[in-house]
Each structure stands twice: as C-alpha cells, then as structure tokens.
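Data first, discussion second: the structure below is written as structure tokens.
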Amino acid sequence: MQNNFLELIHPRYWPTWLGLGVLYFIIQLPYRFQLQFGKNLGQISYYLLKKFRRIAEINLKLCFPELSDKERKNLLKKQFQSLGMGLIESAMAWWMPDHKLDSLIHIKGLEHLQEALAKKKGVLILSAHFTSLDICGRLFSNIFPMHVVYREQKNRVIDRLLKQHRNFNWMQPIHRHAIRQIIKTLKQNKAIWYAADQDYGPTHSIFLPFFNISTATISTPSRYANRTEAQVVTLFYHRLPKEKGYQITIGPILENFGQGDDYQDMLRFNQLLEQAVRAHPDQYLWIHRRFKTRPQNDPYLY
C-alpha cells in the first residue's frame, strides 16, 4: 500500500498531478467556458503534439480521399479542438456532481436496450472511441448501470484515477483480459460496454473493410455473443453544438449476431461505426493508429 503511494508521488508524475490540478480548477467554471477552454487547448495542441497530428493526418487522408487537402486540414484542426474539449469533459466526468450534468444528456433508442435486457441473456453494448467518451459514459451509466471493459493506462496516476472514478455501482470496470468475468457477467443478464474499434494486433483479429481499408478488427465480441447468447446492440454518441450537451444513440438489437460467423458480425459493426464516424468525423479518435496492423505483405502506413 505504502509502496503504491510512493510510486504515485514519484517526481516523474509531478507534471501529471499539476495537470490534474489545473483541470480541477477549470471545471469550476461555467460549462460554456469549460468547453471554450478545451477548444483553445486543442488549438494549441495541434501545433505542439506533432506525433499525434501526423497519425491523425494519415488516418484522415486514408479515410477521406475525396476531400481536398484544405478540407482535410480543417477537419484535422477540428479534431484537435474536439480532443481538447474531450480532456475537459473527462475532468467533468471525474469530479462534477450529478446535478450539474444530468441536463446535458439526450438519449435515443433506450427501448432497444430495455428490449435486449428483457430477453434475460445479457447485453453486449458495442461502442467506439469518440472524444467525449468519459463524459458520455458517466452520463449514460447514471441512467443505465453497466459494466465496462477497459485496458490499463501506462501512466499509473491516470490509471488509478480512471479505476476509482469508473468503479461505482453504475459503472463497474472489467479488464479486457478477464474473459471468465465477462462471460459470467453476461450470463447474469447484465450489460457490458465494449469498444471494438481499436487495433489490438493480429491475435483474435480479422481483417475487415473500414472506410474501404483492410483493418484489423477484434472478433472477440462475436465469440462472447456466441458463448453466452447475449443480445447485442450498438451505442454511439457525440457532442451537440452550442453547448447543448451530448447525444447518445442506441441501435436496434443486431439480429443473428454471434451465430458463428465472426466475419459478418464484425463487418456489420464496422459498417455501423463508419456511418457514425461520417456523421461527426471531427469527434472520432483519429490519433489512434487504427491501421497499424497490416495484412501480410502490405506496407506499414505510419
């Protein structure tokens, strides 16, 4: 216990603690000023975070070849503005009280989730990484308690913070490698949020088209549904304009998902995700090397 504490206050984490202190101060401001601060922070980050800017630039060029160079550059700048707002929204999710947040959520399709849960087979909620992930997770889980599959963070302070603030009755974390726990939770007729849109390498992945690019797509959700007979729905979300809050949209039950055809299952998810991304392209997490793992003999893209 003491060793863990000493590690968290190691000098290498002092910049993290300072940053968290600044974030805590910012979220004391009115909501519109918080988002404006985040937007300005994102504009600065566009010039400072060259590595992430390059990754996002490559992703946008791959996925939106129909756009002109100027249009993609504008989209890239909006991506960083969205990332900056997302950082502030994460702090809101960690520390702001419910009464200041509840009016910001707007939900469509909650009846699909209720219908799925009524079948008493458990519900796998397939989602993805948009920049407002933390705030939308917090807002939605206040209405619909769920478990969330997560991966650990390299920064121990941030990892501990995320675990503490996600580990409530309304949002219980499950490590992505805790396969037995995931299956057990589904068989107990509970809901699990699972982001299936990142590159985890070739193991347990299959190559499927995403924005017409052969993309390593994790097939685990299909196998979970097959083993548990869990119902599967999609959940996508985005930030609304003019500080009106956040829209969360739940899709209808994906019929016949998990019947043994991993390719068709995850292809359907990729197609639905692509539709959601195209609707709000600046809010997707383009700084992730989504196309890192390539089919044999394909060139590395980054």
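Being a predicted model, the structure only gives us computed values, none of them experimental.
His280 is linked by a ring-ring contact (aromatic ring centres under 6.0 Å, His included) to His238, counting only residues two or more places apart in sequence or in another chain.
Evaluated for a side chain to side chain donor-acceptor pair (under 3.5 Å) with Ser82, the options Lys77, Arg239, Gln283 yield exactly one hit, Arg239.
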With a 3.5 Å cut-off and sequence neighbours excluded, list the donor-acceptor pairs that the side chains of residues 117-127 form with protein atoms.
residue: Lys121; atom: NZ; partner: Glu229; partner atom: OE1; Å: 3.0
residue: Ser127; atom: OG; partner: Trp193; partner atom: NE1; Å: 3.4
residue: Ser127; atom: OG; partner: Leu235; partner atom: O; Å: 2.6

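Residues Tyr47 and Leu75 share a single hydrophobic cluster, defined by chaining ILVMFWY side chains whose heavy atoms lie under 4.5 Å apart. Each of Ile218 and Phe207 belongs to its own hydrophobic cluster when Ile, Leu, Val, Met, Phe, Trp and Tyr are linked at side-chain heavy-atom distances under 4.5 angstrom. Follow the hydrophobic side-chain contacts under 4.5 Å out from Leu272 and you reach Tyr263 in the same cluster. Under a hydrophobic clustering in which Ile, Leu, Val, Met, Phe, Trp and Tyr are joined whenever their side-chain heavy atoms come within less than 4.5 Å, directly or via other members, Leu240 and Ile107 fall into different clusters. Linking Ile, Leu, Val, Met, Phe, Trp and Tyr residues whenever their side-chain heavy atoms come within less than 4.5 Å leaves Leu49 and Ile44 in two separate clusters.
Counting heavy atoms from C-beta on, the side chains of Val233 and Glu115 never come closer than 4.5 Å. A 4.5 Å side-chain heavy-atom check between Arg289 and Asp199 finds every atom pair outside the cut-off. Residues Val277 and Phe130 have side chains in contact (heavy-atom distance under 4.5 Å, counting atoms from C-beta outward). Contact annotation: the side chain of Phe52 never approaches that of Ser45 to less than 4.5 Å [non-hydrogen atoms, C-beta and beyond]. Side-chain contact between Tyr224 and Ile183 is present, with heavy atoms from C-beta onward closer than 4.5 Å. Gln188 is listed as a side-chain neighbour of Lys184, based on a closest heavy-atom distance under 4.5 Å. Between Leu113 and Phe140, some side-chain heavy-atom pair lies under the 4.5 Å cut-off. The shortest distance between side-chain heavy atoms of Gln34 and Met92 falls below 4.5 Å.
Relative ring orientation between His177 and His175 is described as tilted, the plane-to-plane angle lying within the 30° to 60° band.
Here the CZ atom belonging to Arg53 is positioned 13.0 Å from the CD1 atom belonging to Ile287, to the nearest 0.5 angstrom. Expressed to the nearest 0.5 Å, how far CZ of Arg268 lies from CG of Asn256 amounts to 7.0 Å. With rounding to the nearest 0.5 angstrom, the OG1 atom of Thr293 is 8.5 Å from the OH atom of Tyr300. In this structure, CG in Leu83 is found 9.5 Å from CG in Asp282, a value given to the nearest 0.5 Å. The distance from atom CG of Leu23 to atom CZ of Phe37, rounded to the nearest 0.5 Å, is 8.0 Å. One distance of note links OG1 of Thr228 with CD1 of Ile182; it measures 10.5 Å at 0.5 Å rounding.
The neighbour count for Tyr24 OH, taken as heavy atoms of other residues, nucleotides or ligands under 6.0 Å away, does not exceed 12.
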| task | Could you check Val232 against Phe269 for side-chain contact (heavy atoms from CB on, under 4.5 Å), going step by step and ending with a plain yes or no? | result | CA-CA 10 Å; Val232 181; Phe269 171 74; over 6 Å; no
message = Please evaluate residues Ile143 and Leu139 with respect to the criterion side-chain contact (heavy atoms from CB on, under 4.5 Å), reporting the C-alpha separation (whole Å), side-chain torsions for both, the decisive distance (0.1 Å), and the verdict.
response = CA-CA 7 Å; Ile143 294 173; Leu139 291 170; over 6 Å; no
**Message:** Using the rule given for ring pair (Phe, Tyr, Trp, His ring centres under 6.0 Å), can you reason through Tyr246 versus Tyr237, listing the C-alpha separation, both sets of side-chain angles and the distance that settles it, and then say yes or no?
**Reply:** CA-CA 7 Å; Tyr246 307 89; Tyr237 50 95; 9.1 Å; no
Go through Arg294 and Ile213 one step at a time and tell me if the side-chain contact (heavy atoms from CB on, under 4.5 Å) criterion holds. CA-CA 10 Å; Arg294 307 307 309 139; Ile213 302 165; 4.0 Å; yes
Exercise. Where do Leu48 and Phe80 land on the side-chain contact (heavy atoms from CB on, under 4.5 Å) test, with the steps shown first?
Worked result: CA-CA 11 Å; Leu48 296 180; Phe80 275 83; over 6 Å; no
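Pairing each heavy atom of Ile27 with each of Ile88, the nearest pair is CG2-O, 4.1 Å. The shortest non-hydrogen separation linking Asn142 to Asp102 is ND2-OD1, 4.0 Å. Summarising the geometry of Asp265 relative to Gly258, their closest heavy-atom pair is OD2-N, 2.9 Å, with the distance given to 0.1 Å. Of all non-hydrogen atoms in Thr131 and Glu89, the two that sit nearest each other are O-OE1, 4.1 Å. A pairwise comparison of heavy atoms in Ala196 and Thr217 identifies O-CG2, 4.5 Å as the closest pair. Here the closest non-hydrogen pair linking His112 and Gly251 is CB-O, 3.3 Å.
Panel note: side chain Trp286, backbone Pro281; a donor-acceptor pair is recorded below 3.5 Å. Side chain of His147 to backbone of Leu186: no donor-acceptor contact under 3.5 angstrom is found. Side-chain N or O atoms of Arg138 include one that pairs as donor or acceptor with a backbone N or O of Met96 at under 3.5 Å. Put simply, the side chain of Arg176 never gets that close to the backbone of Val149: no donor and acceptor are under 3.5 Å apart. Judged by distance alone, the side chain of Gln247 and the main-chain N or O of His106 form a donor-acceptor pair under 3.5 Å. The main-chain N or O of Leu273 is never found under 3.5 Å from a side-chain atom of Arg278 such that the two would form a donor-acceptor pair. Put simply, the side chain of Ser132 never gets that close to the backbone of Ile135: no donor and acceptor are under 3.5 Å apart. In this structure a side-chain-to-backbone donor-acceptor pair under 3.5 Å is missing from Arg223 to Asp262.
In this structure, Lys61 does not pair ionically with Glu57, as no charged nitrogen and carboxylate oxygen lie closer than 4.0 Å.
Side chain to side chain, Tyr284 and Asn59 fail the donor-acceptor criterion of an N or O pair below 3.5 Å. Looking at Glu274 and Asn270, their side chains never bring a donor and an acceptor atom within 3.5 Å of each other.
Aromatic rings of Phe211 and Phe64 (six-membered ring for Trp) have centroids within the 6.0 Å cut-off, being under it.
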